[in-house]
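Have a look at the structure below, then the notes.
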Number of protein chains: 2
Amino acid sequence: MKQSKIPQATAKRLPLYYRYLNNLNKQGKKRVSSKELSEAIKVDSATIRRDFSYFGALGKKGYGYNVEYLLGFFRSTLDQHETTEVALIGAGNLGTAFLNYNFTKNNNIVIKMAFDSDENKIGTEIGGVPVYSVDQLQEKLGDIEVAILTVPVSEADAITEKLVEAGIKGILNFTPVRITVPDNVRVHHIDLTVELQALVYFLKHYPLD
Amino acid sequence: MKQSKIPQATAKRLPLYYRYLNNLNKQGKKRVSSKELSEAIKVDSATIRRDFSYFGALGKKGYGYNVEYLLGFFRSTLDQHETTEVALIGAGNLGTAFLNYNFTKNNNIVIKMAFDSDENKIGTEIGGVPVYSVDQLQEKLGDIEVAILTVPVSEADAITEKLVEAGIKGILNFTPVRITVPDNVRVHHIDLTVELQALVYFLKHYPLD
DNA sequence: AAAATGTCGTGATTATATTCACAAACAATT
DNA sequence: AATTGTTTGTGAATATAATCACGACATTTT
């Protein structure tokens, strides 16, 4: 389970590789080179080869990589053979967008349940996902370990505390709040305002022309 | 305009600093230390001091940073004194979430218009933002240089081409497609599936316990 | 079967980012 | 006014990541 020493930067690219290999496979492509991959996903070809090499010698010199083999390899590396169930907290606009999005298409990740505090939403289904009251977090979560957090800023800290109590191990946090969690809980922040502001900043200060 | 040599990693943190300083200022706080900031936004205090130092000596030894001064400094650095107008393409679930989100609260970024291909949406307003047909991109965009791309995968490449033709310089791309653009156009990718998969991967392979 | 071509895997190099650790400067206290 | 405590700013060290560049080997062509 812990074959560590794979650089984080590499780990973050794995899902990207996986998806593109899936596409190639569906198109019936049999082989692919690091150069081809590079052009498609905009990652330097040497970086791709280096990334792959952390897992051993997956390719053949003068030939490239066998799509099916590589895909199978990444499928098991990314644990795509088993389904990962996640919960979504906060069925507002952004949350609803997720609920209507079919993650399962290419990935074995599925949103199993959602939580909200709006009486009108509790008890209904959104995108086929049942919505429970946030008060039911503890009892409903079961062994789900990953949560998508799309609640308003004002709720973020309180809900986070509840999630941690209920045994959540990973949070994909879309609120601007830098939530505080114990050391054994992993949080990835996606801060949409920050991303937009950063893009604007780069445009003005790092002209590409 | 190009005071370059500020590391990209630093630039990406600026909006984060800016928002937190804004909060402090609203709370009436007069001074803040790198240590305090560090605890709030989960960035090492040495990193914060280093980041700030790229802009000169902004603090006082033994005292910390003056909130109001620092805020003012970042406001102008991040060009927050002038409004940046952006366009949103694709008023689906995710797009609608953005349209209902008030970026302008803390940031002078505003979504000025949206584009969609759904006849039922064209001509309406969502979250106070007018929705036009994607066929009107060229004529309506005006001098808007930044676009948020929330269209389905199947549309991504075609729309991107139109955006580039219409003079867009920056794209915040929420589609899984690694769109191809000329060198003078900047693209930031936010790939929600990849983020979720990466979080799951880290949980399984990089245990924190 | 020989030559030409393509492509990997990786040692070495370079680039970028983080963190340590401490002198210097100021603030607070007595 | 002297002492103590705080916090910056940064040189140096370390860590992480990207890129170069080429030997080795498989494939393809002639």
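- In this structure, CG of Leu70(A) is placed 14 Å from C1' of dT7(C), rounded to the nearest angstrom.
- Taking atom CG of Leu58(A) as the reference point, atom P of dA26(D) lies 16 Å away to the nearest angstrom.
- No contact: Ser45(A) has no heavy atom under 4.0 Å from any strand.
- Distance OH (Tyr63(B)) to C1' (dG9(D)): 18 Å, rounded to an integer number of Å.
- Between the OH atom of Tyr54(B) and the P atom of dG9(D) there is a distance of 13 Å, rounded to whole Å.
- Taking atom NZ of Lys42(B) as the reference point, atom C1' of dT18(C) lies 19 Å away to the nearest angstrom.
- With hydrogens and angles left out, the side-chain atoms of Tyr17(B) and Asp51(B) include a donor and acceptor closer than 3.5 Å.
- Using a 4.5 Å cut-off on side-chain heavy atoms (C-beta onward), Pro7(A) and Tyr54(A) make contact.
- Of the candidates dA28(C), dT8(D), dT28(D), dT28(D) carries the atom nearest the Arg31(A) side chain, counting heavy atoms from C-beta on.
- Residue-level contact check: Thr10(B) touches neither bases nor backbone, having no heavy atom under 4.0 Å from any strand.
- Distance from the side chain of Asp44(B) is smallest for dC20(C) among the nucleotides dG9(D), dA17(D), dC20(C).
- Listed pair Thr47(B) / dT18(C) fails the phosphate criterion, with no side-chain N or O lying under 4.0 Å from OP1 or OP2.
- Counting to the nearest Å, the P atom of dT8(D) and the CD1 atom of Ile48(B) are 9 Å from each other.
- Of the listed nucleotides (dC8(C), dT18(C), dA17(C)), dC8(C) has the atom at the smallest distance from the side chain of Ser33(A).
- Annotation: cation-pi pair Arg75(A)/Tyr18(A) absent, no NZ/CZ under 6.0 Å from the ring centroid and within 45° of its normal.
- Taking the nucleotide of DNA chain D with the nearest heavy atom to each of Lys61(A) and Ala46(A), the more 5' of the two is matched to Ala46(A).
- Checking dA18(D), dG9(D), dC8(C) against the side-chain heavy atoms of Ala57(B) singles out dG9(D) as nearest.
- Remark: P of dT7(C) and CD of Glu39(A) are 11 Å apart, rounded to the nearest angstrom.
- Following rounding to the nearest Å, Tyr69(A) (OH) and dC8(C) (P) show an atom-to-atom distance of 15 Å.
- Map Gln8(A) and Tyr65(B) each onto its nearest nucleotide of DNA chain D; the residue landing nearer the 5' end is Tyr65(B).
- Salt-bridge formation is not detected for the pair Lys169(A)/Glu145(A): no Lys NZ or Arg NE/NH1/NH2 atom is positioned less than 4.0 Å from an Asp or Glu carboxylate oxygen.
- Scanning atom types as modelled, one donor and one acceptor separated by under 3.5 angstrom connect the side chain of Arg50(A) and the base of dT19(D).
- Both Arg13(B) and Arg49(B) lie close to DNA chain C; mapped to their nearest nucleotides by heavy-atom distance, the more 5′-ward contact belongs to Arg13(B).
- Counting heavy atoms from C-beta on, the side chains of Asn108(B) and His81(B) never come closer than 4.5 Å.
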